[in-house]
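Whatever order the structure lists them in is the order used to number ligands and atoms, beginning at 1.
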Amino acid sequence: MKSDRGTYERLVRPLLFSLDAEAAHHVTIRLLGRASRFDLGLRLLRPFQPKAKPTTVFGLTFPNPIGLAAGLDKNGMALPAWAALGFGFIEIGTVTAKAQPGNPKPRIFRLPEQQALINRLGFNNDGANAIAQRLRVLRDSGRWPVVPVGINIGKSRVTPLEQSKDDYLYSFRMLRDFADYITLNISSPNTPGLRELQEPEKLSELLHAIGNEAGTAAKPLVVKISPDLSPAELTAVLGICEENGVSGIIATNTTLDHSTIPPQLNQEGGLSGAPLRDRSTALVREIAAQCKIPVIASGGVFDAQSACEKFHAGAQLIQLYTGLVYHGPRLLREVMDNL
Ligand SMILES: Cc1cc2nc3c(=O)[nH]c(=O)nc-3n(C[C@H](O)[C@H](O)[C@H](O)COP(=O)(O)O)c2cc1C
């Protein structure tokens, strides 16, 4: 495999884009899952690896600051492959306490002109028990990746909002042993009510519940926030995160602001990619100005420049999703060569 951006865009992307977006996603995960089981498979992915640039954030050492964003490998199917491609860290999930199918299909939409995606998947995932078991098998096989692994957890759809802390706690207990850090996703727009967990009282309650768990102190806790928070809401969220010793903030999840999308292309769901770039960078800058909690930037990283913007705004780490769909794993090296 030739490791240039052209190969992906000329050969692989047209094939993937000839399929429905979710089918293309399944094919990719299946191939990377297979590659994860064989040394040869992993070796074929290594030409994409960028140069190392180790950095230490919340006590963890990252070989480079570019991570895989949550949602691409929700079920933890291909951890060795992501590491072989050169990601400096991998975030799996969102995992919920109960396995769930997510929303009716179709539920992922490409907007190539806008370099964007809209998704309303709704946390389709195998559930905390099955994913813990998969991770245990991987660990026992000796193929666990050497890069930090984050596990992103969220609320099961059937669980009422008032009981959400028990739901998060269940997943936290099941998965913490496998995670270098745990992300609390309180910002997906596709689970009704979830974003209300960003309200001060509810967030405080959730962080207290997790913080009171034995062993929590040893595990960095990260909170993933929405780009649609008002300035006052953001300040309140940051205050509560600081009070509760949160280790990191991921800014941001997808947006419900679709004002840049032509009406005929619009779909219900969270918008990611280029249209999110400036909004999420603005939030990174605001967070860095207001508090000392390290920021992981996520939203509209497509090239070296959009990545540099995030670091200049104050991010310590960045994550990729939509940029990978459009530009492939060569994006990693492009970013690292220009940092
Ligand atoms: C298809 C899709 C599924 C996603 N699923 C999740 C998820 O399960 N949990 C989560 O925290 N974020 C999820 N995200 C959000 C991404 O992790 C990321 O924060 C967001 O897309 C912004 O980054 P980007 O512009 O680089 O895509 C998803 C994004 C997409 C496009």
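Between the side chains of Glu233 and Gln198, no donor-acceptor pair of N or O atoms lies under 3.5 Å. Looking at Ser272 and Thr322, their side chains do bring a donor and an acceptor atom within 3.5 Å of each other. Side chains of Tyr181 and Asn152: no donor on one and acceptor on the other come within 3.5 Å. Side-chain atoms of Ser298 and Lys224 form no donor-acceptor pair, as typed in the model, at a separation below 3.5 Å. Looking only at atom types and distance, the side chain of Lys155 has no donor-acceptor partner in the side chain of Thr96 under 3.5 Å away.
Under the 4.5 Å side-chain criterion, counting only non-hydrogen atoms from C-beta, Phe109 is not in contact with Leu117.
With ligand atoms numbered from 1 in the order given, ligand 1 contributes 21 (O), 25 (O), 27 (O), 31 (C) to contacts under 4.0 Å with heavy atoms of Ser272. Short contacts between ligand 1 and Asn185, defined as distances under 4.0 Å to a heavy atom of the residue, involve ligand atoms 9 (N), 10 (C), 11 (O). Every atom of ligand 1 is numbered from 1 in the order shown, and the set under 4.0 Å from a heavy atom of Leu121 is 1 (C), 3 (C). Of all atoms in ligand 1, listed by their number and element, those nearer than 4.0 Å to a heavy atom of Leu276 are 22 (C). Taking a cut-off of under 4.0 Å to the non-hydrogen atoms of Leu117, the atoms of ligand 1 that pass are 31 (C).
Closest to atom 26 (O) of ligand 1 among all protein heavy atoms lies Tyr321 N, 3.3 Å. In terms of protein heavy-atom proximity, atom 27 (O) of ligand 1 is closest to Thr322 OG1, 2.6 Å. Counting protein heavy atoms only, atom 14 (N) of ligand 1 is closest to Ala70 O, 3.5 Å. Looking only at protein heavy atoms, the nearest one to atom 15 (C) of ligand 1 is Asn253 OD1, 3.6 Å. Annotation: atom 9 (N) of ligand 1 to nearest protein heavy atom, Thr94 OG1, 2.7 Å.
Residue-level proximity to ligand 1 for Lys224 is carried by the side chain, the only part with a heavy atom below 4.0 angstrom. Of the heavy atoms in Lys74, only side-chain atoms (C-beta onward) come closer than 4.0 Å to ligand 1.
Although no hydrogens or angles enter the test, the distance criterion places no donor-acceptor pair under 3.5 Å between the side chain of Asn64 and the main chain of Lys53.
A salt bridge links Asp39 with Arg143; the closest basic N to acidic carboxylate O contact falls under 4.0 Å. Under 4.0 Å is where a charged nitrogen must lie from a carboxylate oxygen, and between Glu199 and Lys202 at least one such pair does.
When ring centroids are compared, His327 and Phe302 come within the 6.0 Å threshold. Two rings, from Tyr8 and Tyr326, have their centers 6.0 Å or more apart.
Ligand 1 has no N or O atom lying under 3.5 Å from any N or O atom of Phe123, backbone or side chain. In terms of N/O distances under 3.5 Å, ligand 1 is approached by Gly300. Of the polar atoms of Thr252, at least one N or O is found under 3.5 Å from an N or O of ligand 1, judged by distance alone.
Under the 6.0 Å distance and 45° angle rule, Arg157 does not count as a cation-pi partner of Phe123.
For atom 18 (C) of ligand 1, the choice among Ser306, Ser298, Gly71 with the nearest heavy atom turns out to be Ser298. In the candidate list Ile153, Leu184, Asn152, Asn152 is nearest to atom 11 (O) of ligand 1, counting heavy atoms.
The shell of residues lying under 4.0 angstrom from ligand 1, judged by heavy atoms, excludes Ser188. Assignment of Leu72 to the shell around ligand 1 is not supported, since no heavy atom sits closer than 4.0 Å.
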